[in-house]
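To start, the structure itself, in structure tokens.
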There are 2 protein chains.
Amino acid sequence: MTAPTHPGAEPRVPLNRERVLRAGVALADEGGIESVSMRKLGGQLAVEAMSLYNHVANKDDLLDGMIDMVFGEIDLPSANADWKTEMRERAISAREALGRHPWATGLMDSRTTPGPATLRHHDSVIGTLREAGFSIEMAAHAFSVLDSYTYGFAMQEQSLPFETEEETAEVAETILAQLPADEYPHLAEMTIEHVLLPDYDYASEYEFGLDLILDGLERARDTA
Amino acid sequence: MTAPTHPGAEPRVPLNRERVLRAGVALADEGGIESVSMRKLGGQLAVEAMSLYNHVANKDDLLDGMIDMVFGEIDLPSANADWKTEMRERAISAREALGRHPWATGLMDSRTTPGPATLRHHDSVIGTLREAGFSIEMAAHAFSVLDSYTYGFAMQEQSLPFETEEETAEVAETILAQLPADEYPHLAEMTIEHVLLPDYDYASEYEFGLDLILDGLERARDTA
DNA sequence: TTTCGTAGGTTTACGCTGTAAGTTATACAC
DNA sequence: GTGTATAACTTACAGCGTAAACCTACGAAA
């Protein structure tokens with residue numbers, strides 16, 4: 001017979017790098033990075049672990065590819081608005097992407113080989129700055145501050161043990177209870193009079209720092 | 001006999017948490033965080049892996065303790081100078097500590113239980129800001145920007161594949177050779193006309209952003 | 001001096017990990 | 001049909017964190 005060898009066999013959709021990476025991202029989103037093992041990832045794709053090695057060189061390559069997918073989600077500057085708005089929007093987009101994939105931030109410090117999406121992103125940011133009149137040195141400065149701040153913020157945000165506002169208050173309260181207030185008076189004060197207030201939202205901190213940096217960069221460009 | 005049971009036995013110095021953590025930090029400094037396994041750490045201390053569990057609850061606890069040791073290396077503000085100098089110095093001290101222990105940065109995003117040195121550090125920073133006239137909200141903003149920037153910078157620095165200036169030029173050159181210059185023109189330009197220049201030093205980028213942020217914070221405090 | 005509890009070490013074992021090596025099955029070209 | 005490339009599977013190994021059980025030396029009590 002010309003049909004598949006055995007009756008019940010479905011015509012097996014072939015794997016490819018894209019599908020492997022996508023499944024890796026999904027798995028990490030769902031269960032954290034520690035739940036991404038070659039065997040479990042194979043399981044998600046209905047395939048044995050070793051089959052993945054036909055599409056990624058090894059686990060590091062897999063993680064590099066996953067990181068690059070996250071970078072691919074960041075909106076590139078579009079050159080429609082002034083540099084400040086563009087930088088602001090792409091920074092916010094970057095933070096959102098890192099927030100959607102909390103595992104990515106911690107991975108970034110160990111990967112040293114940027115993928116194509118990462119390079120495209122960097123190139124586009126530098127280009128926007130250059131066209132806005134930043135010197136090469138100043139563009140390098142700007143790129144460094146903005147990215148460092150964004151990654152660092154994402155990292156701090158991830159290490160907070162809460163996500164919603166209600167959760168925040170709840171967790172802060174139990175922490176505070178264990179916290180010797182006489183040893184850490186300022187920390188205690190800030191927790192009580194700031195973090196525990198009903199409209200506290202750490203995510204909104206991001207834009208304060210972002211605007212502070214953007215204003216500073218504008219000044220630096222104009223005085224240099 | 002009242003001497004040790006068998007002649008050649010040395011009087012076995014007992015382990016303790018301090019010694020375990022210290023050995024963990026040393027091992028990670030030397031061979032990277034992936035070389036810190038309970039078995040290898042035991043080996044360093046001439047002890048079986050399971051013996052470590054008498055002094056740390058589990059591996060996470062070990063890592064938490066190691067991170068806290070790094071925080072313990074950061075100079076606290078001393079209240080001798082004005083807030084800006086104090087903040088500047090402790091930020092630089094923090095970056096140096098993270099630079100001495102490159103494994104620490106990547107770990108920080110997954111640990112959510114700060115140790116005593118970490119708490120003491122945070123408390124002291126907030127205290128300095130409050131005494132300098134920052135409102136609680138503004139002190140929280142300041143703390144967030146400064147720390148995010150510092151951690152993010154440390155992370156970026158770690159993911160650079162070079163350390164010395166000569167190495168920088170060397171690596172940049174080979175990267176550049178592989179980089180399709182027509183696809184990433186601005187990245188190529190910056191590499192050629194900035195990174196490859198003989199006196200380029202990424203570490204010095206840090207202070208540019210730091211001063212930019214400190215100036216911005218001063219303005220924010222005074223106008224709020 | 002003998003006894004005994006306990007703190008801190010060791011041994012063994014289990015299920016998990018990444019991946020090298022070897023084998024088999026599928027799909028397409030001729 | 002036959003040959004060949006591709007991509008799957010199977011097996012195996014060394015290393016991981018750590019639970020459970022065990023051993024042994026030291027300090028205090030009897």
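The analysis underlying the following values was restricted to heavy atoms, covering all of them including side chains, and did not include hydrogens, waters or symmetry mates. Protein chains get the first letters and strands the later ones, always in sequence-line order, with residue 1 at the start of each.
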Open item on the list: Using whole Å, what does the distance between atom P of nucleotide dA20(C) and atom CG of L52(A) come to?
Closed with: 14 Å
Open item on the list: Contact list please: residues 62-69 of chain B against DNA chain C, heavy atoms, distance less than 4.0 Å, in numerical order.
Closed with: none
Atom pairs, protein N/O to nucleotides 9-13 of chain D N/O, distance under 3.5 Å:
| from | atom 1 | to | atom 2 | distance (Å) |
| --- | --- | --- | --- | --- |
| dC9(D) | OP2 | E48(A) | N | 2.6 |
| dC9(D) | OP2 | S51(A) | OG | 2.6 |

TODO: Using the side-chain contact (heavy atoms from CB on, under 4.5 Å) rule, take L45(B) and L15(B) through it: C-alpha gap first, then chi angles, then the decisive distance, then the call.
DONE: CA-CA 8 Å; L45(B) 294 159; L15(B) 239 46; 4.2 Å; yes
Task: Any residue meeting side chain to side chain donor-acceptor pair (under 3.5 Å) with R39(A), in chain and number order, not counting sequence neighbours - done: none
Task: A57(A) or S37(A), whichever maps to the more 5' nucleotide of DNA chain C - done: S37(A)
Open item on the list: Between E207(B) and R88(B), does any side-chain N to carboxylate O distance fall below 4.0 Å?
Closed with: yes
- [ ] Just do the side-chain contact (heavy atoms from CB on, under 4.5 Å) check on V70(A) and M66(A) with the steps written out, would you?
- [x] CA-CA 7 Å; V70(A) 175; M66(A) 287 167 57; over 6 Å; no
- [ ] Determine the sole option in L196(A), D201(A), V195(A) for which the side chain to side chain contact (heavy atoms under 4.5 Å, CB included) test with T168(A) is passed.
- [x] V195(A)
TODO: Using a cut-off of strictly less than 4.0 Å, decide whether K40(A) has a side-chain nitrogen or oxygen near OP1 or OP2 of dT17(C).
DONE: yes
Open item on the list: Closest approach to the side chain of L15(B), judged atom by atom: which nucleotide of dC16(D), dG9(C), dT17(C) is it?
Closed with: dG9(C)
TODO: Would you list the pairs meeting side-chain hydrogen bond (donor to acceptor under 3.5 Å, both in side chains) in which at least one residue belongs to residues 141-162 of chain B, sequence neighbours left out?
DONE: S148(A)-Q156(B), Q156(A)-S148(B), Y202(A)-S144(B), E205(A)-H141(B), R90(B)-D147(B), R95(B)-E157(B), T105(B)-Q158(B), D147(B)-Y151(B), T150(B)-Y206(B)
Task: Integer-rounded Å distance: dG17(D) P and M38(B) CE - done: 7 Å
Open item on the list: Keeping T191(B) on the side-chain end and L187(B) on the backbone end, is there a donor-acceptor pair under 3.5 Å?
Closed with: yes
Task: Whole angstrom value for the distance that separates P of dG15(D) from CG of L41(B) - done: 17 Å
Task: Electrostatic pair R111(B)-D68(B), nearest N-O below 4.0 angstrom - done: no
- [ ] Return the set of residues passing side chain to side chain donor-acceptor pair (under 3.5 Å) with T113(A) (not counting sequence neighbours), or none when no residue passes.
- [x] D64(A)
Task: Y53(B) OH - dT11(C) P separation (whole Å) - done: 17 Å
- [ ] Would you please confirm or rule out a distance under 4.0 Å between OP1 or OP2 of dA8(D) and any side-chain N or O of H55(A)?
- [x] yes
Task: Residues from residues 22-34 of chain B lying under 4.0 Å of DNA chain C - heavy atoms - done: none
Task: Protein-nucleotide distance (R19(B), atom CZ; dG9(C), atom C1'), rounded to Å - done: 13 Å
Open item on the list: Please check if the number of heavy atoms outside R130(B) that lie under 6.0 Å from its CZ is greater than 12.
Closed with: yes
- [ ] Give the C-alpha distance, both sets of side-chain angles, the deciding distance and a yes or no for side-chain contact (heavy atoms from CB on, under 4.5 Å) between W103(B) and D29(B).
- [x] CA-CA 7 Å; W103(B) 46 269; D29(B) 287 350; 2.6 Å; yes
Open item on the list: I need the NZ-P distance between K59(A) and dG15(D), as an integer number of Å.
Closed with: 18 Å
